[in-house]
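What follows is a set of notes on a single structure, which appears directly below.
Order of the sequence lines sets the chain letters (A, B, ...), proteins ahead of strands, with each chain counted from 1. Bear in mind that the values here come from a model prediction, so they are computed numbers and not experimental data.
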Amino acid sequence: MNKLSAGAIVMGFILRVAAQEATIVGRVVEAESGRPLPGANVFIIDTFLGSSTTADGRFTIRHVPAGEHRVKAAYIGYRSETATVRLSGSQTVVIDFSLKSTPLVGEQVVVTGSRQPENLASAAGSIHVLSKEDLQRRASFRIDEALTHVAGVTLIGEQINIRGGSGYNRLGGSRALVLLDDVPMLTGDLGETNWNLVPITEVELIEVSKGASSALYGSGALSGVIAVRTKQPSLGNTISFRQTVGVYDRPSVPQWRWTDELRHYEKTDFSWSNTYGRVGVRLAATRHVSTGDRENGQFTRWYLTGKAHAQLPGNSTLTLFSTYSEEDRGLFLQWLEQDHALQVPAYDRGKTVGLKGYVGYAVWNKLFSPTLALKVRLSFNQQLVGIPFDLSGTFAPAAGLGGELQWQWKPHPNHSLAIGLDYKYDAVESSYYGRRTADGLSPYIQEIWKLSELLQINAGLRWDNYVLVGDSIETQISPKIGFSWQPISGTVLHGSLGRAFRAATVVERFLEAGSSDFRWRANPALEPERSTLLDIGLRQNVGERFSFEAACFFNRFDHLIEPTLFNDLTAQFINTPAARIDGLETEMRFRLWKERLELHANAVWMNPREIESGEPLVYRPRFTAAVTPALHWRRLSLEADYRYVARLPRVAVYPLDERVAMKLVDIRATFRLQRLLFRFLVRNALNYNYTVSERVLGEIRNYALVVEGHF
Amino acid sequence: MKRRRLRNSATAFLAVFILFFSSCEIDHGLGVSKSRIRGHVILPDMSLRPDYFEAVRIIALTKTLDAENISLNDAVFSNTSVDLSQSRPAYDLPAPLSKYEFVGAVWKKRGEPWDYTRIFGFYGFDPDSFKFEHKTIYLTKDQPVAENIDIVCDWILVTP
C-alpha cells in the first residue's frame with residue numbers, strides 16, 4: 001500500500017468517525033428554584049468528554065461517538081444525577097438536569113488531588129471545595145480572606161497555613177502552592193502569592209488540597225495546594241454587577257480612637273460575557289477603595305480581567321486568559337504601641353507601597369479520542385510584590401515563564417493516567433539580591449487505578465530539577481500514594497502518603513538589606529525544606545441530611561527555613577531542626593426543618609512541635625474551630641460565622657507581647673428579589689480585638705451593604 | 001390558635017435571647033496594656049549633646065545585662081523617642097506582666113539603625129559614684145504598674 005492510499009484510508013476513517021459523532025446539549029438547574037447552576041460539571045462517565053456549565057447553566061459536549069453513554073451532572077452542594085443516552089449518527093441530543101441541594105459530600109469533580117478529574121467523594125486526599133456560593137454569601141474581598149473559612153486553614157499576616165504547615169516566615173516563601181487555573185502563582189523572588197491578582201467575583205471555585213503535593217506540582221506544595229478556578233464565558237449575553245459599601249465602627253477601646261472622620265470602603269465589580277459563534281468572551285473590572293480602619297490603612301485596588309474560550313476545529317479548544325491588578329496602599333508594619341493600636345510610629349506615617357501583578361496564559365486542549373486528551377499550557381507571570389522595610393522602591397518585577405504539556409489517557413475503564421512535563425523560568429533582579437535566573441524541568445506521572453467500584457488507588461511520581469543559574473542545582477524525587485475505599489454505602493475511607501519539598505527562594509538565600517532595626521544577611525547554603533505527610537480520613541453520610549468528615553494527619557518537616565534574629569541585631573534565613581505536626585480534623589454539615597435550618601461546623605486539633613526539644617513550633621495554633629448556622633426562609637437568609645483560633649503558644653518576635661485567641665463573629669442577612677440580591681453584613685460583630693501578626697490588629701467591626709445583580 | 005402559639009413561642013425565645021445577651025459580658029480581646037513601667041528620664045546637660053546623637057528610647061529587659069543570648073525577644077522598648085527638650089521627661093512604657101532585670105534608656109546614632117546595646121542610662125545607675133544598684137521590677141496581676149522607675153542618663157556612657 002503506498003503512502004497516498006494509506007493516508008486516504010486514515011482520512012476516510014476520520015471522516016466516517018466525524019460523521020458519526022453526536023452532540024449533547026442541555027442545562028443544569030437547581031431543582032428547588034429552577035435557577036441555573038453555573039460551573040457544574042457535566043461529563044460522560046469513563047471518558048474525558050465533558051463540559052462545565054456557563055453562567056446561564058448551559059453545557060455542550062461535542063464529538064460524542066455513537067453508542068450508549070452515561071452522562072453525569074455534578075455540582076458542589078448538590079446531589080449528582082446520571083442520565084443514559086443512546087446516540088446514533090450526527091444527532092444533537094438535549095439533556096436537562098435538575099439537581100437537588102444536599103449537605104452531603106457530593107460528587108463534585110475535583111482535579112487538584114490527582115491532576116485529572118475525579119469525584120470529591122472518592123478522592124484519596126483531604127480536599128475541600130469552596131464554591132462560588134460560599135464566596136458570594138460572605139462577600140469576601142480577597143481569596144485569602146475566603147480561605148480562612150476552610151477547616152484547618154488559617155491566615156497569619158498574609159501567609160496561608162494549611163494544617164499549620166506554614167507558620168509565619170516573614171519575607172520567606174509560601175509553603176502552600178497557589179494555582180490560578182493550574183498556573184503556579186508563587187513569585188520568583190519571594191516565593192509568595194499576590195492575593196490581589198484576580199478579583200474574587202471572577203472565581204468559580206477554589207479547591208484546597210491538604211497534604212504533600214510535590215508529586216503533582218513540584219516545589220512549594222509542601223503542605224498543600226490552593227487551586228483557584230476562574231469563571232467561564234456564558235453562552236448568552238450576561239451582565240453582572242456587585243456594589244459594596246461599608247463603614248467602620250469605632251474601636252471598642254476608647255483610647256484607640258485616633259480620628260473623628262468616618263472610615264469607609266466601597267467596591268464595585270462589573271462583568272460582561274457573551275459567546276459569538278464558537279468563541280466565548282468574558283471581561284471584568286473591579287475597583288476597591290478603602291480609607292481603612294487605621295492610620296496608613298488606606299488602599300486603592302484595580303483589577304482588569306479577560307478570558308476567551310474558543311471551540312476549534314478538530315475537537316480542540318483554546319483558552320486565553322489575562323489579568324492585571326494594581327494596588328496602592330499605606331504601610332502598616334506594626335502599631336505605635338498597644339495603647340495606640342490603630343496608629344503607626346511617626347517614622348512610618350505616610351509611607352505607602354505599590355503592588356502590581358500581571359498573569360496571562362494560553363491553554364490548548366485537544367481530544368484525540370474519548371479516552372485520550374492533550375493539554376498544552378503557556379503562561380507568563382509578572383509581579384511586583386511589595387516588601388516591607390521600605391525596600392519596595394528598588395525592587396524590579398519578578399517575571400516567570402511557564403509551560404506544561406500533559407497527556408491524559410484512559411487505556412482501560414479502570415485505569416486513568418496523567419503524564420506530563422512542567423517547565424518554569426524565573427528572572428528576578430534587585431539591588432538587594434542581584435540578578436538571578438532559574439529554570440526547572442519536571443516530568444511527572446499520575447495513575448488512578450480502580451480496583452473495583454468501591455476501591456481506588458492513586459499513585460504519582462515527579463522528578464524536579466531546579467537550576468539556580470550560576471549557583472546551585474536542586475534535584476528532588478517526590479512520590480505519593482493514596483487510596484479510597486467505600487466499605488458500605490455512605491462511608492468512604494481514604495488515605496495518602498507523600499513527600500514534598502520547597503526550594504529556598506532567591507530572597508531567602510541572597511537578601512542583603514538593612515532596616516532601622518536590624519540587617520538581613522544572605523545564606524546561599526540553605527537546604528530545601530522537605531516534608532513527609534500521612535493523611536487518613538473518613539467521609540460519612542448519614543441519611544440525606546447529615547455528613548461528617550474526619551482526618552488524622554501525621555506530618556514531618558525537615559530543614560524548615562525560618563528567619564532568625566541574632567544577638568548582633570542581624571537576621572538570616574536558616575534551616576531549623578526537624579519538626580512534627582500531628583492532628584485531627586473534623587467537619588460536619590446538617591440540614592433540618594425542610595432544609596430551612598443549616599449547620600456547618602469544623603474543629604482541628606494539632607500538636608506542632610520541634611522533635612528534638614519538644615518545644616511548640618512558632619506561629620502554629622493548637623486548636624481552631626468554626627461554626628456556621630444559617631436559616632433560610634423563602635427569599636430571606638440569616639447566617640452567622642463564628643471562628644476561633646487558639647492563642648499562639650509561641651511566636652518568634654515580641655514573645656513578651658500580650659496574645660489572645662481569635663474569636664470572630666460575622667453575621668449577615670440576604671434578601672433575593674428576582675435578579676437582584678441585597679445583603680447586609682456585620683463583620684467582627686462583637687468588635688473583638690486580636691493580632692493577625694505581631695503588633696498588627698485584626699480589622700475592627702464594620703457594616704456593609706451589598707447589592708448584586710445578574711442580567 | 002396556632003398563630004397565638006407561634007407568637008408566644010417567638011416572644012419567649014426573644015425574652016430568653018435578650019436575657020442571655022444582657023447578662024453576658026462581651027469579650028473584646030486585646031485592650032490597652034494594663035501593666036506598665038513609669039518614671040522619669042533624668043537627662044544630663046543636653047547642651048553637650050554630640051551631633052551624632054539623635055534619639056532616645058526606653059528599654060526593659062527580662063534578663064540581666066551580663067546574661068548570655070540576650071535578644072530583642074527578651075526586651076520591651078518604646079516606639080517613640082523620649083522628649084529631649086525637657087530635662088526630666090516622663091515616660092510610660094507598656095510592658096507585659098513579667099520580671100524585668102533591667103530598665104534603661106538607649107540612644108540612636110544619626111544615620112544608623114537602632115542598636116539596643118547603646119545604653120544611655122538605666123534604673124539604679126548613679127553617675128556620681130558610677131554605681132549600679134541592681135533592682136528587679138516585678139509586674140504582676142496584683143501590681144501591674146511600677147511607678148517612679150527613674151532612669152538616670154549620662155554622657156559618660158555615650159561613645160561614637
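- Most heavy-atom pairs under 4.5 Å with chain A, from the set L30(B), V32(B), D92(B): that is L30(B).
- For residues 39-49 of chain B, heavy-atom neighbours of chain A at less than 4.5 Å comprise no residues at all.
- Highest contact tally toward chain B, considering only L697(A), N687(A), V253(A), T691(A), is held by N687(A) [criterion: heavy-atom pairs under 4.5 Å].
- Cation-pi contact between K135(B) and Y123(B): present, with separation from the ring centre below 6.0 Å and deviation from the ring axis of at most 45°.
- Between E610(A) and R650(A) there is a salt bridge, since a side-chain N of the basic residue sits under 4.0 Å from a carboxylate O of the acidic one.
- Within the 4.5 angstrom heavy-atom criterion, only side-chain atoms of T62(B), from C-beta onward, approach chain A.
- Judged purely by distance below 3.5 Å, without hydrogens or angles, the side chains of E562(A) and T576(A) never pair a donor atom with an acceptor atom.
- For W256(A), the part sitting under 4.5 Å from any heavy atom of chain B is the side chain, from C-beta outward, and nothing else.
- When heavy atoms are compared at a cutoff of 4.5 Å, A75(B) approaches chain A solely by way of its backbone atoms N, CA, C and O.
- F332(A) carries R294(A) over the face of its six-membered ring, with the cationic atom under 6.0 Å from the centre and within 45° of the normal.
- For the pair F125(B) and I119(B), the minimum side-chain heavy-atom distance is 4.5 Å or more.
- When side chains are defined from C-beta on, N523(A) counts as touching I574(A), because their heavy atoms get closer than 4.5 Å.
- Interface remark: A661(A) contributes no atoms to any contact with chain B (heavy atom separation under 4.5 Å).
- No other option in D74(B), D27(B), L97(B) has as many heavy-atom pairs under 4.5 Å with chain A as D27(B).
- Between R110(B) and D51(B) there is no salt bridge, since no side-chain N of the basic residue sits under 4.0 Å from a carboxylate O of the acidic one.
- A donor-acceptor contact under 3.5 angstrom links the side chains of R701(A) and Y703(A), judged on distance only.
- In terms of heavy-atom pairs under 4.5 angstrom with chain B, the leader among H340(A), Q255(A), M662(A) is Q255(A).
- Side-chain atoms of Q338(A) and E658(A) include a donor-acceptor pair closer than 3.5 Å.
- For the side-chain contact (heavy atoms from CB on, under 4.5 Å) with Y52(B), the lone residue among K109(B), K108(B), E112(B) that qualifies is K109(B).
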